[in-house]
Student: 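Here it is, the structure, as structure tokens.
Letters go in sequence order (proteins before strands), and every chain restarts at 1.
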2 protein chains.
Amino acid sequence: MSPARPTIHDVAARAGMSKSLVALALSGSPKVSEKSRVRIEQAAAELGYRPNAAARSLSIRRSRTIGVLILDLHNPVFAEILDGVQTEVRQHGFSTMLVTGGENPDLELAEIETLREFQVEGLILISHRLPTDVLRSIAAEIPTVVVTRDDIVAPGMDTVSNDDVAGARLAIDHLVGLGHERIVYVSGGDNPVSHLRATGYAEAMTDHGLTEQIRIVPGGLTDATGYRAAETAVELDPTALFVANDIAAIGAIAAVENAGLRVPEDISVIGYDGISLGALRRINLTTIGQPLAELGRRAAERILHRIANSGIESNRDYLSAELRVRGTTGPAAITPS
Amino acid sequence: MSPARPTIHDVAARAGMSKSLVALALSGSPKVSEKSRVRIEQAAAELGYRPNAAARSLSIRRSRTIGVLILDLHNPVFAEILDGVQTEVRQHGFSTMLVTGGENPDLELAEIETLREFQVEGLILISHRLPTDVLRSIAAEIPTVVVTRDDIVAPGMDTVSNDDVAGARLAIDHLVGLGHERIVYVSGGDNPVSHLRATGYAEAMTDHGLTEQIRIVPGGLTDATGYRAAETAVELDPTALFVANDIAAIGAIAAVENAGLRVPEDISVIGYDGISLGALRRINLTTIGQPLAELGRRAAERILHRIANSGIESNRDYLSAELRVRGTTGPAAITPS
DNA sequence: CTGAAAGCGCTAACAA
DNA sequence: TTGTTAGCGCTTTCAG
């Protein structure tokens with residue numbers, strides 16, 4: 001490749017000064033004469049000098065890098081969270097190192113290992129599936145914050161998530177406000193998030209005196225599972241469907257339409273997450289929007305704070321979601337039950 | 001944090017051997033007695049030893065890391081390409097360091113700089129917007145491969161892209177095969193990709209004897225721009241729309257439907273890219289699918305090869321796209337022109 | 001202000 | 001087989 005990258009030593013030689021002076025000047029120390037500084041900066045520029053992060057990291061014993069694990073880049077939710085993380089982290093002079101688990105949970109652990117070999121100073125785990133005990137031992141060794149999960153408490157670890165119970169209640173309140181009573185929850189399968197949303201659904205239904213109407217059909221968090229679950233749900237003759245997440249909701253709408261029913265005239269559908277995709281005119285999905293970028297920003301804030309103050313107490317952040325009314329919900333059809 | 005990470009030195013002490021022996025054993029060298037190896041591995045495990053990538057990188061003068069720049073994580077196209085990159089790179093024992101440019105082009109350059117400070121051995125640039133001369137100087141210093149752009153040639157750099165002209169022809173062939181003649185191209189704005197697709201459109205139209213019917217309306221690559229452009233396109237009374245990319249196509253469909261026309265009964269719509277989103281049942285978009293993961297895989301292959309063989313000639317890969325017929329295209333309506 | 005020297009954790013000769 | 005030694009490039013005392 002190229003004929004050996006210039007080092008601080010080369011810069012010093014060219015500027016006719018010592019290595020350490022160059023180091024000082026380059027780190028913006030005030031105890032370098034203006035004249036020297038200019039000479040040095042010029043020499044560095046001429047040589048195309050670029051500091052070696054590995055060497056610095058080794059020397060100062062800090063990498064100024066935080067590791068981010070994302071379950072799956074394809075789900076837009078994660079991309080949006082990541083955005084918030086990067087913005088915040090960058091502002092504090094840190095870099096991020098991103099890895100994705102892919103299909104395989106073992107890989108997920110291996111990737112975290114890689115991150116740690118690179119000496120990241122903290123870990124932001126976004127929707128991973130690591131078991132509690134593994135997580136616990138990781139958090140014991142390195143500052144960690146978990147995003148979108150609050151089912152784990154461990155020393156050394158913070159959580160940043162959305163209040164799913166409250167969000168689900170928002171959805172039901174909205175539907176009930178539109179006159180709906182036969183509201184079915186299309187679940188997202190057996191995972192913490194889906195369970196919490198089910199809880200919110202049930203609580204809100206009860207609050208509205210609709211305990212009798214509580215009906216949950218098992219589903220999943222994907223387009224296909226949402227589609228299939230909605231096929232079942234439709235047979236329950238609902239006027240509205242509350243679906244565990246946006247992607248599944250989009251699948252559910254397809255199923256409703258395929259069954260010869262219109263959305264929202266015959267059946268209203270509301271999702272959860274607030275992915276930007278739902279805003280596409282063609283989709284126009286009413287949903288409970290999480291503050292995704294803010295979730296990421298907060299996570300970054302927490303990890304940075306934890307890095308700076310080791311040993312602080314675990315913190316749990318809950319950001320609130322908001323109702324975003326678009327085109328897939330409307331007044332309940334006036335049909336006999 | 002934790003009480004100082006164990007180093008190779010600690011492992012040696014615990015195993016009662018020298019540093020270098022440990023290094024050898026840990027790198028799986030055959031010139032270490034079985035007995036010593038076991039002792040060392042045990043000591044390492046007990047201590048929870050984890051090699052320091054920065055130190056290794058400094059010592060061997062290689063980072064075994066490749067840097068990836070992605071324009072925008074929100075566009076699913078890039079996430080899918082990235083998937084291919086990561087899979088391939090990982091298989092060769094390399095790690096990836098991912099950065100995103102965000103809104104600001106200057107940031108993009110700064111991020112590349114960061115990547116280089118971390119001593120990445122090669123750069124994969126996915127849909128960046130760096131000017132040619134900048135790119136040229138980067139490629140002169142570090143192995144680089146550019147994905148989804150083939151408008152740049154520079155020594156030290158490979159390109160991996162899709163044959164947009166051929167792909168566009170596929171789209172037109174498909175539509176003409178369905179009996180369409182009044183086919184409008186909804187462009188993606190002023191960028192290389194969009195221009196190439198326009199070229200393919202025009203060529204194919206001419207080949208089919210439809211030169212007279214060539215009509216291009218200016219648009220963009222987003223949902224909103226696709227929507228607006230399609231509003232204009234509809235006034236041209238077309239039977240089919242070929243839209244520059246999938247996201248814009250989804251916007252276009254909304255516009256068509258809003259104009260009181262049905263897709264595909266009144267107007268067929270075909271997109272380009274093959275994002276997984278288009279496969280959602282609710283969208284069901286006919287499109288020209290690029291082999292996205294394969295694009296990423298190939299890029300990784302190229303960069304790895306270039307890293308191993310410095311100074312090789314520039315290579316240009318063109319992967320072919322394929323027609324994916326789904327529900328937004330159908331026979332041309334039999335209406336008078 | 002400036003320069004010399006030690007050391008971060010690891011690898012890679014080179015001896016023993 | 002093993003142990004010694006000398007850096008990789010950078011930061012950081014600690015004397016001049």
Student: Compute the angle between the rotation axes at the two ends of the helix from C:dC1-D:dG16 to C:dA16-D:dT1, each taken over five pairs, rounded to 10 degrees.
Tutor: 40°
Student: Quick one: does any side-chain atom of A:Glu121 pair with a main-chain N or O of A:Arg64 as donor and acceptor, under 3.5 Å?
Tutor: yes
Student: Check side chain to side chain contact (heavy atoms under 4.5 Å, CB included) between B:Ala55 and all other residues, then give those that pass, not counting sequence neighbours.
Tutor: A:Leu58, B:Asn52
Student: Taking B:Thr144 for its side chain and B:Leu123 for its backbone only, find out whether a donor-acceptor pair lies under 3.5 Å.
Tutor: no
Student: Quick check against the 3.5 Å criterion: does A:Arg50 have a side-chain atom that pairs as donor or acceptor with the backbone of B:Glu113?
Tutor: no
Student: NA contact type, A:Ser36, heavy-atom cut-off 4.0 Å: base, sugar-phosphate, or nothing?
Tutor: sugar-phosphate
Student: How does each nucleotide of nucleotides 10-16 of chain D score, in 5' to 3' order, for protein heavy atoms under 4.0 Å: base (B), sugar-phosphate only (S), or none (-)?
Tutor: BBB----
Student: To the nearest 0.5 Å, how far apart are CG in A:Leu304 and CD1 in A:Ile66?
Tutor: 7.5 Å
Student: Side-chain donor-acceptor contacts of residues 38-45 of chain A below 3.5 Å, not counting sequence neighbours, with atom names and distances?
Tutor:
unit_1	atom_1	unit_2	atom_2	d
A:Arg39	NE	A:Ala15	O	3.4
A:Arg39	NH2	A:Ala15	O	2.8
A:Gln42	NE2	A:Glu46	OE2	3.3

Student: Starting at CZ of B:Arg5, measure out to CD1 of A:Ile142 and round the result to the nearest 0.5 Å.
Tutor: 7.0 Å
Student: Give a yes or no answer on whether the side chain of A:Glu80 reaches the backbone of A:Ser276 with a donor-acceptor pair at less than 3.5 Å.
Tutor: yes
Student: Applying side chain to side chain contact (heavy atoms under 4.5 Å, CB included), name anything that partners B:Val99, two or more places apart in sequence or on another chain.
Tutor: B:Leu69, B:Glu111, B:Leu115
Student: First and last nucleotide of DNA chain C in contact with chain A, 5' to 3', at under 4.0 Å to a heavy atom: what are they?
Tutor: C:dC1 to C:dG9
Student: Starting at the 5' end of DNA chain D, which residue's closest nucleotide do you reach first, B:Gly16 or B:Leu58?
Tutor: B:Gly16
Student: Would you check if there is a donor-acceptor pair between the side chains of B:Ser57 and B:Gln119 at a distance under 3.5 Å?
Tutor: no
